[in-house]
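Report on the structure given below.
Letters A, B, ... mirror the listed sequences (proteins, then strands); counts begin at 1.
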2 protein chains.
Amino acid sequence: MADIARSEPRYGNRPTMKDVAARAGVGLKTVSRVVNGEPGVTPDTEHRVREAIEALGFRRNDSARVLRKGRTATVGLVLEDLADPFYGPLSRAVEEVARAHGALLINGSSAEDPEREQELALALCARRVDGLIVIPAGGDHRYLEPEIRAGVATVFVDRPAGGIDADAVLSDNFGGARAGVAHLVAHGHRRIGFIADRPGIHTARERLRGYRAAMEDAGLDVADAWVSLGPTDPERVAAAAGAMLSGPEPVTALFAGNNRVTVTAVRLLADRERPVALVGFDDIELADLLGVTVIAQDAAALGRTAAERLFRRLEGADEAPATVVLDTRLIARGSGEVPPAGG
Amino acid sequence: MADIARSEPRYGNRPTMKDVAARAGVGLKTVSRVVNGEPGVTPDTEHRVREAIEALGFRRNDSARVLRKGRTATVGLVLEDLADPFYGPLSRAVEEVARAHGALLINGSSAEDPEREQELALALCARRVDGLIVIPAGGDHRYLEPEIRAGVATVFVDRPAGGIDADAVLSDNFGGARAGVAHLVAHGHRRIGFIADRPGIHTARERLRGYRAAMEDAGLDVADAWVSLGPTDPERVAAAAGAMLSGPEPVTALFAGNNRVTVTAVRLLADRERPVALVGFDDIELADLLGVTVIAQDAAALGRTAAERLFRRLEGADEAPATVVLDTRLIARGSGEVPPAGG
DNA sequence: TTGAAAGCGCTAACAA
DNA sequence: TTGTTAGCGCTTTCAA
């Protein structure tokens, strides 16, 4: 009997550079040179090496390469939910920039859970991604300090980092919401409801600030009952809207704090006889056909800008951390231009 | 003067297990045991090691671990476009299954370019992902044969592999399209247009087959002018639809071969005075409000099923490659129930 | 319970 | 032009 096979054949017993070298009758380093397109190999030698590579089906093991070189050519993206249509274009934009720099993208969803965000970000660091783009779920990112010190370039997107000084690329949430609410005021509304995500989320708070600022600009008081922050599942949003739209002094307009709230609001308002004005934060697909007025942010630009900043750092740029704020844009399509119903 | 610093400090000079061992006054292997929760370490020793880990900010380098263990706990997902709303839920479902198995997800977009698909898939293999989920852009996957032989579990989703025998998880494109077209026929339509993606794409061909089958079932001839396959950008789709809807014998209904075609068709038909019936393949957000009748496929189920199959293989299941076909579902919302206009 | 030595597959440094 | 050696940081093996 021959030897018992090794318990765990590595990589399914793939050929290594050593195998290629043996077959081609050259040294290991010569194979490395050919594989990596380094100069200093005669065409004849190169030919023999290529034949051996072909014959054996050799493919370089990047894990070993990474260990030696210290760079993985991989960036990590921690986002909230890969399935959310807002993050698709953002991811794609990051991917395109990464690709232009020869890097791949590992991404994962935090599901809006700070612990999961941390777990994910640290798992990515353990794999030694060269850089990290994070859409924060939590408000405390001090856990990343050792990583950043150790050289992991890190950029936050959509929401700023908490507790550390780091690059961030954000939309003008405050200004956007303020403009949206001002638009409703300009169309005659005085009682305007505001429904958004949980108050732990930076964008929700900023948009609320914008709402309050616009109301104050117009000299309007805000009743407590007009503001509702919480989870954005349809049930919660429907309940919040229902409360605002009933009673003796119902709101005549709604400002929806993100795409999910807007979608639910559109569904609700479609069923009502009395028209209620609506402006939503974030553009949504087919909003044009539905006539939904929105404050649009450019998700792809957020991703692109963040990724470009990341790679600039990876290429050695030594600027101080900075926050970039991208403009939003009001797109009037009808729902925001409805005048107040009744009196 | 001390030594000149090393030219390229690896990983920003992160501490290694060796450093931790030195600081804790123990052997390297003991640190490894603590880090990996292996038994056989006294509480006292463990405590000292943990202190050293904490003090140095040590984090295990998974790249090195991967090299030794031969498994990366990473799966690769090659899809067409991360920004397409159809693939968001699919990716997310794959991610969730991967997460349940302790694995991370690297994903990239082929942009419907076969070369890019191959480049991406092979880059993932070079990183030694444990498994690969591919939404094919090209029709020839023989380039993956050596990889699969070497042990990379591979599952194709949404479209089957070309030239190799491999697992696939598909939607019932033929049956779905046939049902959708039959639905239009049942509502009185005789001249039905079919607009879909390029004929190189498997799903487009299958849906066309379904369309033809439904027409044949109804004893209806199909005029050449009623079928248009090609890129799904709005301009091309609008031109195709425009042609079908004009002339002496315009179609009275359209079957849209995917979500992008449907969106464009909805926009176009909204502007017309004569009603034209529409059934689209793939559900789209807010289709309920717009009253768009669709053949819905379950993108998340596609991803989940594929990922589960992948991990079953990674856990050693040795079944023959198989194709799983998931049902589609007709959702009537109004646009597909419009009777033919005119005569 | 603990640790020393070997080696995963590759690249950097240097030698021939 | 080519090859040899060392070693990236970890896990495996085996011995103490």
Side-chain angles (χ1 to χ4, degrees), chain A residues 3-22 24-49 53 56 58-73 125-128 150-151, chain B residues 3-22 24-49 53 56 58-73 125-128 150-151:
Chain A
D3 288 349
I4 302 284
R6 284 229 307 279
S7 56
E8 278 276 346
R10 312 211 171 296
Y11 307 117
N13 284 326
R14 274 164 173 278
T16 69
M17 282 192 181
K18 203 171 145 196
D19 301 323
V20 175
V26 301
L28 175 57
K29 179 65 204 183
T30 299
V31 177
S32 173
R33 287 198 180 93
V34 171
V35 169
N36 296 301
E38 288 167 29
V41 182
T42 57
D44 179 56
T45 310
E46 171 166 355
H47 183 69
R48 277 183 10 251
V49 170
I53 288 175
L56 295 171
F58 168 82
R59 200 96 65 194
R60 182 180 66 198
N61 184 334
D62 279 352
S63 292
R65 176 166 222 246
V66 155
L67 182 60
R68 191 62 239 237
K69 300 204 76 149
R71 285 241 159 164
T72 53
C125 291
R127 276 162 212 237
R128 300 296 189 265
Chain B
D3 289 349
I4 300 285
R6 286 228 309 278
S7 56
E8 276 276 345
R10 312 210 171 296
Y11 305 119
N13 284 324
R14 275 166 173 277
T16 70
M17 282 192 180
K18 200 170 146 198
D19 300 324
V20 174
V26 300
L28 175 56
K29 178 64 207 181
T30 299
V31 177
S32 173
R33 287 197 180 93
V34 171
V35 168
N36 295 302
E38 288 167 30
V41 182
T42 57
D44 179 55
T45 310
E46 173 167 353
H47 183 70
R48 275 183 10 249
V49 171
I53 287 174
L56 295 172
F58 167 81
R59 199 98 64 193
R60 181 180 68 198
N61 183 336
D62 280 352
S63 293
R65 177 167 220 246
V66 156
L67 181 60
R68 194 61 238 239
K69 300 203 77 150
R71 285 238 159 170
T72 53
C125 291
R127 276 161 212 237
R128 298 297 187 264

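Every residue was checked against the salt bridge (Lys or Arg N to Asp or Glu O under 4.0 Å) condition with B:R65, not counting sequence neighbours, and none meets it. With sequence neighbours excluded, the residues that form a side chain to side chain donor-acceptor pair (under 3.5 Å) with A:E46 are A:R50. Every residue two or more places apart in sequence or in another chain was checked for a salt bridge (Lys or Arg N to Asp or Glu O under 4.0 Å) with B:R33, and none qualifies. Partners of B:L28 according to the side chain to side chain contact (heavy atoms under 4.5 Å, CB included) rule, which considers only residues two or more places apart in sequence or in another chain, are B:M17.
Across all their heavy atoms, A:T72 and A:R127 have their closest contact at CG2-O, 3.5 Å. Shown here for B:R71 and B:V66, the closest heavy-atom pair between the two residues is O-CG2, 3.6 Å. Of all heavy-atom pairs spanning B:V35 and B:I53, the tightest one is CG2-CD1, 3.9 Å. Closest of all the heavy-atom pairs between A:V49 and A:V20 is O-CG1, 4.1 Å.
Distance B:K18 NZ to C:dG3 P: 15 Å, rounded to the nearest Å. Going from atom CG of A:N61 over to atom P of C:dC8 covers 12 Å, rounded to whole Å. Following rounding to the nearest Å, A:H47 (NE2) and D:dT1 (C1') show an atom-to-atom distance of 18 Å. Between the CG atom of A:D62 and the C1' atom of C:dT11 there is a distance of 12 Å, given to the nearest Å. Between the CZ atom of A:R71 and the P atom of C:dC10 there is a distance of 21 Å, rounded to whole Å. Taking atom CG on B:L28 and atom P on C:dA6, their separation rounds to 14 Å, with Å as the unit. As a whole-Å value, the separation of A:R128 CZ from D:dG9 P is 9 Å. Put simply, NZ on A:K29 is 7 Å from C1' on C:dA12, counting in whole angstrom units.
With hydrogens and angles ignored, no donor-acceptor pair closer than 3.5 Å exists between the side chain of B:R68 and the base of D:dG9. For D:dG9, the base has no donor-acceptor partner in the side chain of B:R60 [N/O atoms by modelled type, under 3.5 angstrom].
In this structure, B:T45 reaches the C:dT2 phosphate: one of its side-chain N or O atoms is under 4.0 Å from OP1 or OP2. Distances shown here put every side-chain N or O of B:K69 at or beyond 4.0 Å from the OP1 or OP2 atom of C:dC8.
Proximity of a side-chain donor or acceptor of B:R60 to a complementary backbone N or O of B:N36 within less than 3.5 Å is not detected.
You'll find that the side chain of A:L67 is closest to D:dC8, out of D:dC8, C:dC10, D:dT11.
Bending across the helix from C:dT1-D:dA16 to C:dA16-D:dT1, expressed as the angle between its end axes from five pairs apiece, amounts to 40° (10° rounding).
For the segment residues 30-43 of chain A, residues with any heavy atom less than 4.0 angstrom from an atom of DNA chain D are, sorted by number, A:T30, A:R33, A:G40, A:V41, A:T42.
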